[in-house]
Each structure stands twice: as structure tokens, then as C-alpha cells.
Colleague: 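To start, I am sharing the structure in question, which I have written as C-alpha cells.
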Amino acid sequence: MILSEIIKNCGVLRTDGSDNLEIGIVTNDSRKVVPGSLFVAVNGCGRDGREYIASAIEKGAAAVMFEDGGEFPVPVRPEGVTYIFVEDSRRAVAIAADNFYRHPSGKLKLVGITGTNGKTTTVTLLYRLFRSLGYECGLLSTIANYVGSERLETANTTSDPLTINSLLSRMVEKGCEYCFMEVSSIGVEQERVTGLEFKVGIFSNLTHDHLDYHGTFAEYLRCKKLFFDRLGKDATAITNIDDKHGDVMLQNTAASKVTYSCRGIADHSCRILEQSFEGMLLRIDGSEVWTRLIGTHNAYNLLAIYCAAIALGASKDEVLVALSSLESAPGRLETIHGPRGLCAVIDYAHTPDAMENVLKTLRDVAPDHNLVCLFGCGGDRDRTKRPEMAAVAEKWADRIFVTSDNSRTEKTADILEDIRKGFSPAGLAKAVFIEDRKEAIRAALMLSPDGSTVLLAGKGHETYQIIGTEKRHFDEKEIVKEIFAQCCTTL
């Protein structure tokens, strides 16, 4: 593609050199530069991308796009290389990606969901639902990306714009009609979804998370709302009206507005009629449907899915039938039954609200069971939620095991000390602190009374732990099965 077409609408201030160049690759990673590339030097959260301009030129970059201004000493432009100066490198790379891949999002029905909790479950189940209805679909999620049935690993909730547009382009080539995508607040703030044409936007809820990045809850809210502010007039904005921030998301959107509720009056409503470990009976818009998922939070997820499917033109009856066959996303309320009537429940819950939702669900489903909660908190992340997690565990669990999560470069002992501050004396009396997560799981399962429900919160679908800078294999499903086989049968 010709350079002038790629940089159109990128906020170009000036160009030094020819823009009539044939560009074969657009990249923001200097390691991926090959002759004929456009290298976009993005100002990231860490190092300034302009530090890599010289390296990109050495590797044959035909053009370099970067922010003008500042004190950074940009290398003198070599003959034959074009420099493009832009206002905002993050926005520029997103628009360039959209241009280079010829606006793939506009050739799909792209659905994005944002909110603190429920994003992964909602997009995963939407992907499964529409595939069950016979459509080719794509999925961009925390767990994995899918182009049709092809699974691709993912590193972030919301990937960088070049990766997103590349994947969307592959979906178009493979004949996909729909794509379902998680949209994080960080992804919105960093312009990763800028230029994408969403057909449907969904808001799930907003609770305490990512304040280590955003600084304040108001800024976190602003970034979520910005996603809806940018929806076009041909899109549909769907919001959870039961969340106190649900109305806020719709204030400035040009999109058609749809509300959903599990408590009050809305465009679409849902009520839980019955539930057990096997599933729950729901009434959605007056019709009853049995689903294999459990919990109030999953009632909201399923209602959001229903709303999106209706907005996309699916028939109500087809959607309800499909909902009844859906199973939860990996690492979301996954149960493993063991000896002595023990039930281990693995869930990704890593915020106070998410963990409370899961614990309350387990308490509601099995009110007479002893409820054990094992959790930790990630290192190098929002420290303010650590004592809040302790308070939630104390409120709902009969016994608590506090342990490591992804400690990263923080000392696990320091993280546990932050968590300890959230317990009352009564909470501390029923809490056990074990730094090694595998040993904590072993203790939780071995020491729990017969018939206990043991929640392992925080890891969910992840099959690793990050300790220091090392990523170690750690699969809780494997560990639970091993402990059940080796230990619990001998008690």
C-alpha cells in the first residue's frame, strides 16, 4: 500500500520525504522491521518509541512515524527515508493499522464489551452462541483469540491496534460475519480500539480495579464511558441499568440505546427462578429458559448476551434455545468434585466485587455447606483492593486461606501483609496465611470438613504463575486433581 494512504487521518503535522512509497509492513516493534516497512515509534507507558528509530532505519525501514516535539534527539533523516510527524503516536498507529488493513472492522459485525467483570464470559458465550446458530465468528478475549475455529494465544485483554486489525482482516478473509471483543479501559485510554467500527457496545458493570493505572475511579469511569461516546449512530449501546454507572455510559453516545436489568424495569429483563450446582432457571422477557451457568452475575452475563443477539437480528426463540446449551468460559466457576464430598471451584475472580459475586453464589447454591475461600492478590498492581478482598472473604467464607497469586516483582509476604490489614480480629481467627499457592491449595483441601465447597479464586483459566520475572507453569485444575488423588483419599 502507498504510504500516503496509510497515514491518511493520522493527525500528520508534516512530512519530510516522499509519501509516494510502497509499504509492505506497518509495525510498532523495531525487531519486526524489514526493508520497506513503516515503523511507528509509539510513546508507551515505559520507554519512548523514538529510542528505536535508528535501529528501525538500520533494518531497512522506508518510513518512520513519530510524535513531534519534546527533547528527544531524533536521528538525522537519511536519504530515501521518510519521516512523518504526528500529534499523537498512539492514535496514529491505530488509524494507520485500520488504513493498512483496509478497515476490516467495517466488514464485520463487531461487538465490544467493557466493564470490570463479566467481559470474558460474555464475549466467549456470544462467540459460542453465534457459532451454534451457524455463523462463522471471531473472538478477541483475555483467554484466547479465535479466527473461526483457529485458536491463537493472546497476551492482553485488549491487544495493540496492529494485532487487532491484522486479526480482524484474517477473520474477513476466512468468511467471518461477527467478531466479539473484550474492550478494557486501558485499551480505550491507549487508543488501541481507535478507528474500529463497532456494531454493538455492551457495558456490564463498574467496580474497583486498575486504579494502579488510572489513578482515580473517576478516570477509570471516564475511559469506560469514552468507548460509548465514540460509537457511531448506526451502532447499538447496551447497558446494565442496575449498575449505578449504567446511565452514565449512555449520556453522550450517538448509538441507539438499550437497557437491561435483573432487578427493575428495562428494555430487557431477567429473573432467577431456581438454581443449583447443575444450573439455574431464568425468566427472560417473559420466557423461561434453563441454563447450565449459575449465579446472579451470570444471569446478568446471559441477559447481556441475549440483548446483543437480539440487537444483531437473531430471533428470540433461537437465542433462548442456544442459551440453554451454553457452558461457562474456562476458569469461570469450574467445579472439580473430589473425595469426602469435597467440591473445588476454580474462578478467575480477582476483584472484590467479582469474588463477592462468586462467594455469594456458592453460599446461595449450597447454604448448608462449609465454604472455604483461597485467594491472593497480584503484585505490581492496585494495592488498595487488597484489604477489600480480605473483607469480602471474611464476610462470606467459613475459613480463609491467603496465598500468592502472580506476585511479580513484589515480595509475596508484603502482599499478604497488605491483605491482612483488611481482616477484623474475627476474620484473622479463621484465616491461614501460606505463601506457596500449591501448598495453600493442599492445606485448604485436606483440612476442610467433609462436604465443603472450596473456592480457589484469582487464577481461573491461567496456567502459569509469575514470580519475579519468571513465568512458571501452574495449572490449578491439574493441582486439584493431583491432590484429590494423592492426599484426600488417605484422610
Side-chain angles (χ1 to χ4, degrees), residues 9 11 88 90-91 94-95 98 105-106 109-119 121-123 126 157-158 161 180-211 213-270 285 296-297 299-312 351 353-354 357 382:
N9 299 322
D88 185 329
R90 286 178 172 172
R91 184 181 183 279
I95 300 299
D98 180 57
S105 63
K109 294 185 175 84
L110 179 62
V111 178
I113 177 168
T114 194
T116 306
N117 302 310
K119 297 189 295 296
T121 295
T122 302
V123 295
L126 272 168
T157 299
T158 307
F180 305 101
M181 175 182 179
E182 291 186 53
V183 179
S184 68
S185 57
I186 296 173
V188 173
E189 195 275 335
Q190 293 185 355
E191 307 281 2
R192 298 182 202 169
V193 296
T194 296
L196 300 184
E197 184 179 333
F198 287 92
K199 187 69 174 176
V200 174
I202 305 169
F203 169 71
S204 60
N205 50 67
L206 196 66
T207 61
H208 192 149
D209 201 15
H210 296 307
L211 298 193
Y213 179 86
H214 293 294
T216 66
F217 190 85
E219 177 63 13
Y220 182 38
L221 172 63
R222 185 193 72 81
C223 291
K224 293 291 188 188
K225 182 178 179 297
L226 190 58
F227 171 62
F228 293 91
D229 291 350
R230 292 176 174 175
L231 291 177
K233 60 182 177 60
D234 295 327
T236 300
I238 299 172
T239 192
N240 172 11
I241 205 68
D242 291 342
D243 187 282
K244 63 182 179 181
H245 305 289
D247 272 333
V248 175
M249 298 297 152
L250 302 183
Q251 285 177 353
N252 301 315
T253 187
S256 301
K257 301 173 183 179
V258 173
T259 60
Y260 66 95
S261 169
C262 288
R263 295 202 304 259
I265 298 173
D267 295 317
H268 299 289
S269 62
C270 174
D285 282 356
T296 301
H297 62 296
Y300 278 101
N301 293 336
L302 290 167
L303 184 56
I305 291 163
Y306 171 85
C307 293
I310 297 300
L312 291 167
T351 67
D353 183 67
N357 285 338
D382 185 1

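Since the model is a prediction, treat every value here as computed from it, not as a measurement.
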Colleague: How long is the straight-line distance from NZ of Lys233 back to OG of Ser256, given to the nearest 0.5 Å?
Modeller: 10.0 Å
Colleague: Within the structure provided, determine whether Asp247 and Ile241 are in side-chain contact (heavy-atom separation under 4.5 Å).
Modeller: yes
Colleague: Are the side chains of Leu110 and Leu196 in touch, meaning some heavy atoms are under 4.5 Å apart?
Modeller: yes
Colleague: Check Asn9 against Arg91 and note the closest heavy-atom contact, atom names and distance.
Modeller: O-NH1, 3.1 Å
Colleague: State, with a plain yes or no, whether a side-chain heavy atom of Thr351 is found less than 4.5 Å away from one of Asn117.
Modeller: yes
Colleague: Please name the pair of heavy atoms, one in Glu197 and one in Ser105, separated by the smallest distance, quoted to 0.1 Å.
Modeller: N-OG, 2.9 Å
Colleague: Just do the side chain to side chain contact (heavy atoms under 4.5 Å, CB included) check on Arg222 and Leu226 with the steps written out, would you?
Modeller: CA-CA 6 Å; Arg222 185 193 72 81; Leu226 190 58; 4.1 Å; yes
Colleague: Looking at Arg230 and Glu191, is any side-chain nitrogen of the basic one under 4.0 Å from a carboxylate oxygen of the acidic one?
Modeller: yes
Colleague: Supply the atom-to-atom distance Ser185 OG to Lys224 NZ, rounded to the nearest 0.5 angstrom.
Modeller: 4.5 Å
Colleague: Can you tell me how far the CE atom of Met249 sits from the CD1 atom of Ile202, to the nearest 0.5 Å?
Modeller: 13.5 Å
Colleague: Quick one: pull up NZ in Lys257 and CG in Leu231 and give me the separation to the nearest 0.5 Å.
Modeller: 11.5 Å
Colleague: I'd like to check Asp353 versus Thr116 (side-chain heavy atoms, cut-off strictly below 4.5 Å). Are they in contact?
Modeller: no
Colleague: Do you know which two heavy atoms are closest between Thr236 and Ala311, and how far apart they sit?
Modeller: CG2-CB, 4.2 Å
Colleague: Going from CZ on Phe198 to OG1 on Thr114, what distance comes out if it is rounded to the nearest 0.5 angstrom?
Modeller: 9.5 Å
Colleague: Taking the side chain as every heavy atom from C-beta outward, state whether Ser204 and Ile113 have any pair of such atoms under 4.5 Å apart.
Modeller: yes
Colleague: Check whether any side-chain heavy atom of Val248 sits under 4.5 Å from a side-chain heavy atom of Lys225, and report yes or no.
Modeller: yes
Colleague: Do Asn252 and Phe228 come within less than 4.5 Å of each other through their side chains, counting heavy atoms only?
Modeller: no
Colleague: How about Lys199: does its NZ atom have over 12 heavy atoms from other parts shown lying under 6.0 Å from it?
Modeller: no
Colleague: Would Arg90 and Glu189 pass as an ion pair if we require N to O under 4.0 Å?
Modeller: yes
Colleague: Rounded to the nearest 0.5 Å, how far does OH of Tyr260 lie from SG of Cys270?
Modeller: 11.0 Å
Colleague: Step by step, would you call Asp243 with Phe203 a side chain to side chain contact (heavy atoms under 4.5 Å, CB included)?
Modeller: CA-CA 9 Å; Asp243 187 282; Phe203 169 71; 3.8 Å; yes
Colleague: Would Val188 and Val183 count as a side chain to side chain contact (heavy atoms under 4.5 Å, CB included) if you check the C-alpha gap in whole Å, the side-chain angles of each, and the deciding distance to 0.1 Å?
Modeller: CA-CA 7 Å; Val188 173; Val183 179; 3.5 Å; yes
Colleague: Can you check whether Asp242 reaches Tyr300 side chain to side chain, under 4.5 Å on heavy atoms?
Modeller: yes
Colleague: Step by step, work out the side chain to side chain contact (heavy atoms under 4.5 Å, CB included) result for Leu312 and Lys109.
Modeller: CA-CA 8 Å; Leu312 291 167; Lys109 294 185 175 84; 4.2 Å; yes
